[in-house]
Amino acid sequence: MVFYSYTSLHEFLGLLTLLSCLVQLARSDSVFIASSDYAAGAYGSGPFQNFFSVNSTPSVWNFARPLNRTDATLSSGYLFTAPRGSDTLSPGPLIYDNDGSLVWDGTSFGETLVFQVETYLGEPHILTWAGDSLASGVGSGYVSLINNQYELVARFTTNSTGITGPTYADFHESRITTKNTALMTAYQTKQMDLSSYGGPSSGYISDSVFQEINVTTGAALFTWHASEHVDPSECYNKLGSGGTSTSNPWDYFHINSIDVSEDGNFLISSRHCFTIYYINATNGDIIWQMGGAKSDFAMGDGANYSWQHHARWITKNDTYATITVFDNAGEYGESDESNSRGLHLALNFTSMSVELIQDFIPYNTTLSQSQGSVQLQPNGNFLVGWGFMPWASEYSPSGELLWAAQFGVVGGNYNEGYRALRFNWTGEPTAPPSMTFIHTSKNNITSVYASWNGDTRTERWELIGATDSSGSGAASLYNKTRSGFETTITVNTAAHRYSYFAVRALGSGNVPLGISEFTNNGNGVAVLVNGIWRTVLVTVAIIYAVYTT
């Protein structure tokens, strides 16, 4: 007989609680609605979901403020986010629908910051940045273009022409222009006399650079260096103990976004100068600068920003323009305001003034120390990604909060996402659909789980039975409406005595789109050792081993 002390029993109950939490997480298509337990970390710091048909563990959303669909509508499209952080189980690009259900798990591409849809050669492509994020707030990696079949079309980085030292694309921005060229940011360590700024005469800066390159050849078409146009005295990131070596350069400018106007000139954001610059695309001269120490514009009430991200044109002509920008209003160790904001601003080129059209306040009224995005939607709403804070929210044009959701628990840098954006997207994967089974002895019922990673066209799933793996004697058994990422079909194997099953994806008008492999339905129980289920079983084994010896 085994005897337990109170401490052992207490520990045992704790392990059972952990197991209970793991089982709660082992659910497909999980979406939480106004869950205080989620926000408090009851499901872990980085809650995730799990599926039977694929080995996927994407972040799960908690809609703290759900959308009231009777009063508000959303634009069509899908949510593009790339959760990351030490508590994010599977960092990387993820596409969700407006209800928070997974559409595409692209985490095989690794940790991603830039993740958006760009038009290349007349067709929509996913653009991602992947590489190493450095502690200094910059990164080195490469940009990938992926077509709607999720095939890699191109991979490129910055060009060494005009840049000495590291020539890898930085994670802050990548774009495709209407000329089918690529824009991207980079950082170059450069020696500079910093004595006039309180540093060493033989000091070092991390110079902000952006380039336009030919995607096909990799040739540099245009290169711009901040140090050739902006003096460090205009910026707000203090030198401190920086600037002393190549491993400790002073990042005085910190470029973090690029946009292109119809005339081909560039709109760039400098986080550390609190300034948005309009750059001549021919010679690199600054046409005007907005915000910061040397603003060419008078900034109206509420129009100022600091430590900002993601400046984007909305409209522009010779006399008037509108833009959006994410106002961080602080950084690590510094808070200029009580909370970050999304901003919609109007620029008057006649009076050279900027006015606030609308600001967008976070649901939890908090400060996001880094990252962030604001995106105008086709229906006039504004989608805001809160960057360092693992949240996204949407607003009416007048600033009314429509919904707010989190994809991780707030705290440290454990869960975050560079931007949250929405795009129309049609996914047509070339890989076949996925399927697996779970058998129960009761009533000869088998649960069939069907999914197709990245597909956006499937409306229904058809279950097909056959006598062998080639599909001989195939017969249609069930037809069920798609539900979320993974659809469950139950079949009575006593009534349908087929040794092999497959699922067929059906689109509009029941047009066949793709079919899984025919699989012997006696192998379904193997799914229990995949993903989170492996963790559950290992935990059970540990509990058994500890408390029976």
Side-chain angles (χ1 to χ4, degrees), residues 132-140 157-173 183-213 220 222-258 266-296 305-309 311 328 330-334 336 370:
D132 297 322
S133 301
L134 308 179
S136 56
V138 301
S140 63
T157 187
T158 47
N159 188 284
S160 59
T161 303
I163 307 178
T164 57
T167 59
Y168 295 101
D170 170 63
F171 61 68
H172 286 94
E173 187 68 282
L183 297 173
M184 61 191 70
T185 54
Y187 283 81
Q188 174 196 0
T189 301
K190 179 186 292 185
Q191 192 167 23
M192 184 176 180
D193 183 355
L194 301 179
S195 57
S196 59
Y197 312 107
S201 57
S202 296
Y204 294 88
I205 63 167
S206 182
D207 197 9
S208 287
V209 182
F210 78 87
Q211 281 194 319
E212 180 179 10
I213 69 165
F222 180 85
T223 302
W224 188 87
H225 297 255
S227 63
E228 296 174 1
H229 301 274
V230 180
D231 189 271
S233 63
E234 300 178 26
C235 301
Y236 297 86
N237 187 39
K238 296 179 176 62
L239 176 61
S241 59
T244 56
S245 66
T246 57
S247 61
N248 185 34
W250 180 26
D251 179 13
Y252 80 88
F253 190 88
H254 200 87
I255 185 172
N256 60 20
S257 74
I258 315 170
F266 303 110
L267 188 78
I268 68 169
S269 167
S270 164
R271 171 171 166 84
H272 290 170
C273 298
F274 301 1
T275 303
I276 295 170
Y277 296 88
Y278 191 42
I279 306 297
N280 186 298
T282 302
N283 56 24
D285 289 345
I286 297 172
I287 300 172
W288 50 253
Q289 55 193 73
M290 179 179 69
K294 290 191 174 182
S295 179
D296 292 317
Y305 43 80
S306 60
W307 312 103
Q308 78 287 342
H309 283 77
N328 292 86
E331 65 143 3
Y332 304 97
E334 179 174 333
D336 298 336
S370 66

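Only heavy atoms go into these numbers, but all of them, side chains included; no hydrogens, no water, no symmetry mates. Everything numeric in this text was worked out from a predicted model, so none of it was measured.
In this structure, F266 has its ring center no closer than 6.0 Å to that of W224. Aromatic ring centres of H254 and Y187 lie closer together than 6.0 Å.
Checked against salt bridge (charged side-chain N to carboxylate O under 4.0 Å, His left out), K238 has no partners two or more places apart in sequence or in another chain. Y236 meets the ring-ring contact (aromatic ring centres under 6.0 Å, His included) test with F274; sequence neighbours excluded. Under the rule for a side-chain hydrogen bond (donor to acceptor under 3.5 Å, both in side chains), the partners of W307 that lie at least two apart in sequence or sit in another chain are D336. S257 is linked by a side-chain contact (heavy atoms from CB on, under 4.5 Å) to E173, S269, A311, R312, R419, counting only residues two or more places apart in sequence or in another chain. The side-chain hydrogen bond (donor to acceptor under 3.5 Å, both in side chains) test applied to S247 returns S245, not counting sequence neighbours.
In this structure the side chain of H225 reaches within 4.5 angstrom of the side chain of K190, judged on heavy atoms. A heavy-atom distance below 4.5 Å is not found between the side chains of I255 and H172. Side-chain contact between T185 and V209 is absent, with no heavy atoms from C-beta onward closer than 4.5 Å. In this structure, the side chains of N237 and Y252 stay at 4.5 Å or more apart for every pair of heavy atoms. Within the 4.5 Å cutoff, no side-chain heavy atoms of E212 are placed close to those of M184. Residues L194 and I205 have side chains in contact (heavy-atom distance under 4.5 Å, counting atoms from C-beta outward). Between V230 and C235, some side-chain heavy-atom pair lies under the 4.5 Å cut-off.
Looking at every heavy atom in both residues, G243 comes nearest to P200 through O-CG, 3.6 Å. Considering all non-hydrogen atoms of both residues, T246 and P249 come closest at O-CD, 3.5 Å.
Distance check: N256 CG to H309 NE2 gives 4.0 Å after rounding to the nearest 0.5 Å. Distance check, rounded to the nearest 0.5 Å: CG of N280 to CD1 of I286 gives 11.0 Å. Of the inter-residue distances, the one linking L239 atom CG with W250 atom CH2 reads 5.0 Å to the nearest 0.5 angstrom. Taken from CG in D231 to NE2 in H229, the straight-line distance is 13.0 Å, to the nearest 0.5 Å.
The closest side-chain donor-acceptor pair between D193 and S201, if any, does not fall under 3.5 angstrom. If you check the side chains of Y204 and T244, you find no donor sitting under 3.5 Å from an acceptor.
Listed by first then second residue, pairs satisfying side-chain hydrogen bond (donor to acceptor under 3.5 Å, both in side chains) with a partner in residues 284-293 read N283-D285, not counting sequence neighbours.
Between F210 and F222, the ring planes are tilted. Angles from 30° to 60° get that label.
Looking only at distances, a side-chain donor or acceptor of D207 sits under 3.5 Å from a matching main-chain atom of S227. Using a distance-only test at 3.5 Å, with no hydrogens or angles considered, a donor-acceptor pair links the side chain of H272 to the main chain of D251. No donor-acceptor distance shorter than 3.5 angstrom exists from the side chain of S208 to the backbone of F253, with no hydrogens or angles considered. Looking only at distances, a side-chain donor or acceptor of Q308 sits under 3.5 Å from a matching main-chain atom of S270.
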Decide side-chain contact (heavy atoms from CB on, under 4.5 Å) for I268 and I276; before the verdict, give the C-alpha distance in whole Å, the side-chain angles of both, and the deciding distance to 0.1 Å. CA-CA 6 Å; I268 68 169; I276 295 170; over 6 Å; no
Step-by-step side-chain contact (heavy atoms from CB on, under 4.5 Å) determination, S306 to R271: CA-CA 7 Å; S306 60; R271 171 171 166 84; over 6 Å; no
